[in-house]
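Below is the structure I would like to discuss, written out as structure tokens.
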Amino acid sequence: LAERPTVNGEPTVIEVGLYVLDIEEIDDVSQRFSVDVFLVTHWQDPRLALPIAERTGTKRFFSLDEVWTPKVICLNDRGLQPQLREGVEVDDLGNVKFQNRLMGELAANLEFKEFPFDVQLLPIDIVSYENTEDELQFALNSGFAAEADKFSIEGWSLKQLDPVLGVYVVPVDGAELPRLTYMIEATRDSDYYALTMLVPMSLIIFMAWTVFWLQPNIVPPRIAISTASIFSLIALGVSIRLGLPKISYLTKADIFVLGCTLLVFIALGIAVIGSRWASSDRMEQALKANAISRWVYMLLFVVVTLAAFYH
């Protein structure tokens with residue numbers, strides 16, 4: 001019974017059913033997500049069928065050491081733990097059923113270029129590590145179910161996608177192993193970031209904008225407003241970046257923060273130049289620079305916002 005059940009050398013067909021009970025969290029920094037799933041697998045082993053005279057309709061229970069079971073792993077497993085007693089149920093006809101509840105973390109290759117308007121894919125990637133595609137196949141009707149609207153996770157909208165059958169090629173020897181990938185699509189709730197990032201950042205920009213409405217010869221308030229805007233913007237930008245992993249590319253949020261930082265430094269520079277002109281009997285030029293900057297500055301802010309989020 002330790003050998004794979006087969007008829008005339010045909011591959012053993014494994015039907016997999018996966019029900020996602022809950023997704024508690026998606027950790028952007030570690031690029032992992034916490035899951036609670038119920039896994040059910042079925043296959044047929046003729047060697048376990050009972051003679052007609054002995055069939056009573058009663059299910060028999062075997063430990064995993066007593067019968068053949070498909071050897072599968074979850075490629076992105078980072079700590080899944082079984083919650084039920086491990087074994088298989090077998091009916092009179094030799095139909096075998098394995099089921100268990102699994103809880104833990106899975107890895108996900110998250111992409112943050114569109115952050116905070118990103119859509120992520122959360123895979124549950126199952127591969128048979130002992131049998132090749134010629135020996136074992138996952139059934140086309142392998143099921144996938146989830147009630148995403150009842151998950152305990154906050155800040156995301158989740159949707160299940162259809163399972164995908166594929167092949168995993170072992171890098172070492174090129175062996176082709178059967179693969180079954182379940183996928184959940186996660187859309188980030190951008191409203192939270194609009195309130196905690198876009199609105200505060202815009203208010204800082206407006207604060208820096210007020211220097212153009214003060215007389216050029218009022219030096220201390222103009223410099224104080226500009227420097228306060230810079231420090232506030234840097235602190236807000238750092239706090240946003242702490243919630244993401246150390247990635248080598250810019251997100252949409254990064255482009256927005258960098259653009260706003262440049263605008264605030266421009267406001268500081270114009271404030272310094274205007275004050276210098278005002279103290280050098282060039283008040284008319286300073287006032288003209290103020291008047292022009294009021295509208296050019298806001299136009300540049302619109303350009304930065306469009307370039308960051310609509311490019």
Side-chain angles (χ1 to χ4, degrees), residues 26-29 31 108-122 153-159 185-214 216 221-275 285-311:
I26 300 174
D27 190 330
D28 289 329
V29 177
Q31 299 197 57
N109 184 20
L110 304 182
E111 173 62 56
F112 296 101
K113 285 185 178 180
E114 301 296 317
F115 175 84
F117 305 103
D118 49 324
V119 178
Q120 305 292 351
L121 295 177
L122 309 178
I153 190 171
E154 296 291 341
W156 295 85
S157 297
L158 304 182
K159 180 179 72 173
E185 184 182 85
T187 303
R188 194 184 301 271
D189 184 2
S190 58
D191 292 344
Y192 168 79
Y193 292 93
L195 293 175
T196 60
M197 181 188 73
L198 300 183
V199 173
M201 197 74 69
S202 300
L203 291 177
I204 292 172
I205 291 296
F206 293 147
M207 181 172 69
W209 180 54
T210 60
V211 301
F212 304 125
W213 296 89
L214 298 177
R222 282 163 61 91
I223 301 301
I225 290 173
S226 297
T227 53
S229 300
I230 291 173
F231 291 138
S232 300
L233 192 143
I234 292 174
L236 182 58
V238 170
S239 68
I240 294 170
R241 213 51 172 87
L242 289 175
L244 297 177
K246 296 178 181 179
I247 51 181
S248 59
Y249 52 84
L250 295 178
T251 67
K252 286 190 171 184
D254 291 332
I255 296 173
F256 182 66
V257 171
L258 289 175
C260 290
T261 302
L262 180 61
L263 286 178
V264 172
F265 272 98
I266 290 174
L268 175 61
I270 294 175
V272 172
I273 294 172
S275 299
Q285 286 181 281
L287 290 172
K288 185 176 181 181
N290 257 11
I292 295 174
S293 298
R294 290 170 191 167
W295 308 112
V296 173
Y297 186 81
M298 295 310 297
L299 178 61
L300 289 176
F301 176 60
V302 173
V303 171
V304 167
T305 304
L306 293 177
F309 299 118
Y310 296 98
H311 71 282

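Bear in mind the structure is a predicted one, so any value in this text is a computation, not a measurement. Index from 1, following the sequence.
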Discussion item. Checking the side chain of Gln31 only, and the main-chain atoms of Leu110 only, is there a donor and an acceptor separated by less than 3.5 Å?
Written reply: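 Checking the backbone N and O of Leu110 against the side chain of Gln31, a donor-acceptor pair under 3.5 Å is found.
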Practice prompt. For side-chain contact (heavy atoms from CB on, under 4.5 Å), just list the numbers for Cys260 and Phe301, CA-CA rounded to whole Å, side-chain angles, deciding distance to a tenth of an Å, and then say yes or no.
Written response: CA-CA 7 Å; Cys260 290; Phe301 176 60; 4.0 Å; yes
Worksheet item: Taking it one step at a time, do Leu244 and Arg241 satisfy side-chain contact (heavy atoms from CB on, under 4.5 Å)?
Response: CA-CA 6 Å; Leu244 297 177; Arg241 213 51 172 87; 3.9 Å; yes
Discussion item. To the nearest 0.5 Å, what is the distance between CG on Asp118 and CG on Asp28?
Written reply: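 Interatomic distance, Asp118 CG to Asp28 CG, rounded to 0.5 Å: 7.0 Å.
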Worksheet entry | Taking every non-hydrogen atom, the tightest pair across Phe112 and Tyr249 |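 Residues Phe112 and Tyr249, closest heavy atoms: N-OH, 3.0 Å.
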Practice prompt. Mind checking the CG-CD1 spacing from Leu122 to Ile153? Nearest 0.5 Å is all I need.
Written response: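 It comes to 7.5 Å.
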Worksheet item: Shortest non-hydrogen contact from Met207 to Ser229?
Response: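 Smallest interatomic distance, heavy atoms only, reads CE-OG, 3.1 Å.
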Item to complete: Evaluate the side-chain proximity of Phe206 to Met298: yes if any heavy-atom separation is below 4.5 Å, no if none is.
Response: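 Sidechains of Phe206 and Met298: in contact.
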Item to complete: Evaluate the criterion side-chain contact (heavy atoms from CB on, under 4.5 Å) for residue pair Leu250 and Leu258; output intermediate values, then yes/no.
Response: CA-CA 10 Å; Leu250 295 178; Leu258 289 175; 4.1 Å; yes
Worksheet item: For Phe265, does the CZ atom sit with more than 12 other heavy atoms under 6.0 Å from it, leaving out its own atoms?
Response: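 Not buried by this count: 12 neighbours or fewer within 6.0 Å.
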Discussion item. I'd like to know if the side chain of Lys159 and the backbone of Glu185 have a donor-acceptor N/O pair within less than 3.5 Å.
Written reply: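 Looks like no, no N/O pair under 3.5 Å.
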Worksheet item: So which heavy atom on Ser226 is nearest to which on Leu268, and how close?
Response: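 The pair with the smallest heavy-atom distance is CB-CD1, 3.5 Å.
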Worksheet item: How many angstroms lie between CH2 in Trp213 and CD1 in Ile225, if you round to the nearest 0.5 Å?
Response: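 Result: 13.5 Å between the selected atoms.
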Discussion item. I'd like to check Leu195 versus Asp191 (side-chain heavy atoms, cut-off strictly below 4.5 Å). Are they in contact?
Written reply: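 No, too far: nothing below the 4.5 Å cut-off.
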Worksheet item: Do Ile205 and Tyr297 come within less than 4.5 Å of each other through their side chains, counting heavy atoms only?
Response: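 They are in side-chain contact.
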Fill in: N/O donor-acceptor pair under 3.5 Å between Gln120 side chain and Glu111 backbone
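Side chain of Gln120 to backbone of Glu111, a donor-acceptor pair under 3.5 Å: yes, one is there.
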Practice prompt. Could you grab the distance from atom CE of Met197 to atom OG of Ser202, nearest 0.5 Å is fine?
Written response: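 These two atoms lie 9.0 Å from each other.
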Fill in: Closest non-hydrogen atom pair between Gly274 and Ala286, with its separation
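Smallest interatomic distance, heavy atoms only, reads O-CB, 3.5 Å.
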Worksheet item: If you take all heavy atoms of Arg222 and Ala271, which pair is closest and at what distance?
Response: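 Closest heavy-atom pair between Arg222 and Ala271: NH2-CA, 3.1 Å.
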Worksheet entry | Residue from Thr196, Val257, Ile204 passing side-chain contact (heavy atoms from CB on, under 4.5 Å) with Leu236 |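 Testing Leu236 for a side-chain contact (heavy atoms from CB on, under 4.5 Å) against Thr196, Val257, Ile204 leaves exactly one candidate, Ile204.
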Worksheet entry | Check: Phe117 main-chain N/O paired with Tyr193 side-chain donor or acceptor under 3.5 Å |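 Checked: no pair found.
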Discussion item. What I want to check is whether the side chains of Asp254 and Thr251 have a donor and an acceptor closer together than 3.5 Å.
Written reply: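 Their side chains do contain a donor-acceptor pair, which is all the 3.5 Å distance test asks for.
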Discussion item. Determine whether Trp156 and Arg188 satisfy the following criterion, side-chain contact (heavy atoms from CB on, under 4.5 Å), listing intermediate values before the conclusion.
Written reply: CA-CA 5 Å; Trp156 295 85; Arg188 194 184 301 271; 3.4 Å; yes
Practice prompt. Mark yes or no for whether Asn290, through its side chain, and Leu214, through its backbone, hold a donor-acceptor pair below 3.5 Å.
Written response: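 Side chain of Asn290 to backbone of Leu214, a donor-acceptor pair under 3.5 Å: yes, one is there.
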Discussion item. Testing the basics here: between Lys252 and Phe309, what is the closest heavy-atom pair and its distance to 0.1 Å?
Written reply: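 Looking at all heavy atoms of both residues, the shortest contact is NZ-O, 3.2 Å.
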